[in-house]
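What follows is a set of notes on a single structure, which appears directly below.
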Amino acid sequence: MKLNQRIRSSMSFSATIRTAAWAAAGLAMTLGGLAACSSDSLLQVTDPDILNIADYNTPAGADPLRVGVIKLFASAFDGSDAFVISGGNLTDEMLASDTFDDRLQVNARKSIAVNSTQGGTYQALQKARAGATAAILILNTTQPTPTFNRGELYMMRGYMEMFLGELYCSGVPFSSEDGVTQTFGDPQTTDQVMARASASFDSALALADTNKRIRYGSEIGKGRAQLNLGQFAAAAAAVADVPQSFALLAYHSTGSGGNGIWSSLNNGATRYMLTSNEGTNGLPFLANHNDPRISWSASTRIGFADSFKNLSNQLKFGRYDNTIVSTGIEAKLMGLEAQLQTDNQATRDAVYASLNTLRASGPPVVPLMTTGAPTTQKAAIDQLYSEREYWMWLTGHRLGDERRLVRIYKRDAETVFPTGQLTPPIVGVYGTSTNIVIPDAENNNPKFKGCLPGA
């Protein structure tokens, strides 16, 4: 197999190490390489992209490697066309205001394997996952303490595994390489992917020590994986001690390229736009200006395709703001979803009251619901999920929630996902995809045979 094929299918160990280190310290290495040149040998420059694993096999080398993985995580989570954007495009959070079929196909629920944009998204998620695994192996020997550094890497790996399971069809493989031998991964069902992510979060919790960011972030991640498995009571137990004020963030700065959500939705003629009431089933995200959870403003911007007019600006994240991966409010909502598995009116009344308690305490503080508790189980689940989507708007939760309604609650996909006529100015009708097809780059893995059956 050619080297470029190996990297496309599943980022190789050495290539991942190189990428992670560059993300943390590319400029420093470049300057170091130039400084090493003598005045009479300017052409004998050490290529800073040729790095050996031994270069990071020291306590001093482990830290920039770990920081590089943090950068890979942020890019895969909320960069341009990354997890948050791709999932929002498939659901009712945003539209593709673009001319490229790659993005329009996903928005129209007509995902196909040959999609260069989604190939990049898939590779970014696998690269961050493989980078975390590679860094863990090095930190095990070079920097065993503090243990929470490895715990953080396990936590990020758990989220990347879960994101792959939420975004792509059943059948995602996880290949690996130990620096010498590459092992192609077997396709995993969605349930197997969620169990794998849950195990990574367990490893993170075992190493978190007193670091509450890693502890609470891993507990919420584990609870989210368990929700996706239909293990509601276990999910509630996993997050029971998470404070409501907690937030796990993906970090951005002027030096990191900024916030991909802002770039995708606010920056000039963007390729994506906010939407409301998309495809019959879409939530009215932009309809209520009194709800501070959905913060936006009108504008006269046009899309990348100039047929899209007056694109709204999201105000949740600024250009260099950190973004939200998980929160204590999400943990409280997990507990309420577990509670709601008891089908009686007393439970529905109690959950309704608790949802209003969340609104009253925030952050942010939200006007209370005054409709009264739903009187059927279906309506109560609908209300809970509507509250989830408003609290966690533009944080990458919507697609996983919609797929869970189909997989676990057995809802008809055409009552959950956008359906019917496409949103003007796009013409045509929505397809039937409830996930994104695993890109064709994975065909380099001889064990991969395409998507497995299941939502």
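As a basis for the values below, the full set of heavy atoms in this structure was taken, side chains included, without hydrogen atoms, waters or symmetry mates.
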Begin from the C-alpha positions of Asn107 and Leu90 and carry the test side chain to side chain contact (heavy atoms under 4.5 Å, CB included) through to its verdict.
CA-CA 5 Å; Asn107 180 244; Leu90 179 57; over 6 Å; no

Note: Leu139 and Leu153 closest approach over all heavy atoms is CD2-CD1, 4.0 Å

Mind checking the OG-CG spacing from Ser297 to Leu286? Nearest 0.5 Å is all I need.
10.5 Å

Check whether Gln143 reaches the backbone of Arg150 with its side chain - one donor and one acceptor, N or O, closer than 3.5 Å.
no

Asn211 side chain to Ala208 backbone, donor-acceptor under 3.5 Å:
no

Tell me, with the steps shown, if Thr91 and Glu389 meet side chain to side chain contact (heavy atoms under 4.5 Å, CB included).
CA-CA 11 Å; Thr91 64; Glu389 311 324 327; over 6 Å; no

Are side-chain N/O atoms of Glu337 and Tyr385 paired as donor and acceptor at under 3.5 Å?
yes

Do NZ/NE/NH1/NH2 and the carboxylate oxygens of Arg293 and Glu387 come within less than 4.0 Å?
yes

Mind checking what makes ring-ring contact (aromatic ring centres under 6.0 Å, His included) contact with Phe246, not counting sequence neighbours?
Tyr216

Could you tell me which non-hydrogen atom of Gly185 sits nearest to which non-hydrogen atom of Pro173, and how far apart they are?
O-CB, 3.4 Å

Between Asp81 and Arg103, is there a side-chain N and carboxylate O pair less than 4.0 Å apart?
yes

Side chains of Leu164 and Tyr122, heavy atoms from C-beta outward: is any pair under 4.5 Å?
yes

Interatomic spacing from CZ in Phe448 to CG in Asn443 - rounded to 0.5 Å:
6.0 Å

I need the Ser326 OG to Leu249 CG distance, nearest 0.5 Å.
8.5 Å

Between the side chain of Ser354 and the main-chain N/O of Ala350, is any donor-acceptor distance below 3.5 Å?
yes

Within the structure provided, determine whether Leu333 and Ile329 are in side-chain contact (heavy-atom separation under 4.5 Å).
yes

May I ask you to say whether Arg398 pairs ionically with Asp401, meaning some side-chain N is under 4.0 Å from a carboxylate O?
no

To the nearest 0.5 Å, what is the distance between CG on Asn259 and CD on Gln314?
7.0 Å

Rounded at 0.5 Å granularity, tell me how far CG in Leu125 sits from CZ in Phe73.
9.5 Å

Salt bridge present between Asp343 and Arg348 (N-O < 4.0 angstrom)
yes

For the backbone of Asn290 and the side chain of Asn288, can you confirm whether one donor and one acceptor N or O come within less than 3.5 Å of each other?
yes

Any side-chain donor-acceptor pair under 3.5 Å between Ser86 and Gln118?
yes

Partner of Asn228 under side-chain hydrogen bond (donor to acceptor under 3.5 Å, both in side chains), chosen from Arg407, Arg403, Glu166
Glu166

Could you list the residues that satisfy ring-ring contact (aromatic ring centres under 6.0 Å, His included) with Phe83, not counting sequence neighbours?
Phe163

What I'd like to find out is whether the side chain of Ile214 reaches to under 4.5 Å of the side chain of Leu248, using heavy atoms alone.
no

When you compare the side chain of Asp291 with that of Pro367, does any pair of heavy atoms fall below 4.5 Å?
no

Can you check whether Leu394's main-chain N or O pairs, donor with acceptor, with Glu93's side chain at less than 3.5 Å?
yes

Closest heavy-atom pair and its distance - Asn89, Ala96:
OD1-N, 3.3 Å

Heavy-atom donor-acceptor pair, Asn115 side chain to Asp102 backbone, under 3.5 Å
yes

Shortest non-hydrogen contact between Gly165 and Met194, atoms and distance:
C-CE, 3.7 Å

Can you sort out the partners of Asp101 under salt bridge (charged side-chain N to carboxylate O under 4.0 Å, His left out), two or more places apart, ordered by chain and number?
none

Indicate yes or no: at least one non-hydrogen side-chain atom of Tyr168 is less than 4.5 angstrom from one of Cys451.
no

Can you tell me if Asn281 uses its side chain to pair, donor with acceptor, with the backbone of Glu414 under 3.5 Å?
yes

If we count only N and O atoms by modelled type, under 3.5 Å, do the side chains of Ser218 and Lys222 hold a donor and an acceptor together?
no

Sidechain-backbone polar pair: His252 side chain, Gly258 backbone, donor-acceptor under 3.5 Å:
yes

Within 45° of the six-membered ring axis of Phe174 and under 6.0 Å from that ring's centre, is NZ or CZ of Arg129 located there?
no

So, taking the atom named OG in Ser276 and the one named CG in Leu95, what distance separates them when rounded to the nearest 0.5 Å?
10.5 Å

Run the numbers on Val172 and Gln126 for side chain to side chain contact (heavy atoms under 4.5 Å, CB included), then give the verdict.
CA-CA 10 Å; Val172 175; Gln126 288 281 22; 3.9 Å; yes

Closest approach of Arg109 to Ala413 (non-hydrogen atoms, all atoms of both residues):
NH2-CB, 4.3 Å

Taking only residues two or more places apart in sequence, or in another chain, which ones meet Phe148 in a ring-ring contact (aromatic ring centres under 6.0 Å, His included)?
none

Does either side chain, that of Glu278 or that of Thr423, offer a donor lying less than 3.5 Å from an acceptor on the other one?
no

Any chance the side chains of Thr415 and Asp412 put a donor and an acceptor closer than 3.5 Å?
no

Please answer whether the main-chain N or O of Val437 pairs with a side-chain N or O of Ser111 as donor and acceptor at a distance below 3.5 Å.
yes

Heavy atoms from other residues, nucleotides or ligands near NZ of Lys212 exceed 12 (cutoff 6.0 Å)
no

For Phe184, does its backbone N or O pair with a side-chain atom of Ser175 as donor and acceptor, under 3.5 Å?
no

Quick note, ring-ring contact (aromatic ring centres under 6.0 Å, His included) partners involving residues 317-364, not counting sequence neighbours, are none

Given the rule in the side chain to side chain contact (heavy atoms under 4.5 Å, CB included) test, do Phe285 and Leu274 qualify, once you have shown the distances and angles that lead to the verdict?
CA-CA 9 Å; Phe285 288 115; Leu274 298 177; over 6 Å; no

Could you tell me how the ring of Phe201 sits relative to the ring of Tyr159: parallel (under 30°), tilted (30 to 60°) or perpendicular (over 60°)?
perpendicular

Which residues share a side-chain hydrogen bond (donor to acceptor under 3.5 Å, both in side chains) with His397, sequence neighbours left out:
Arg224, Glu330, Thr395

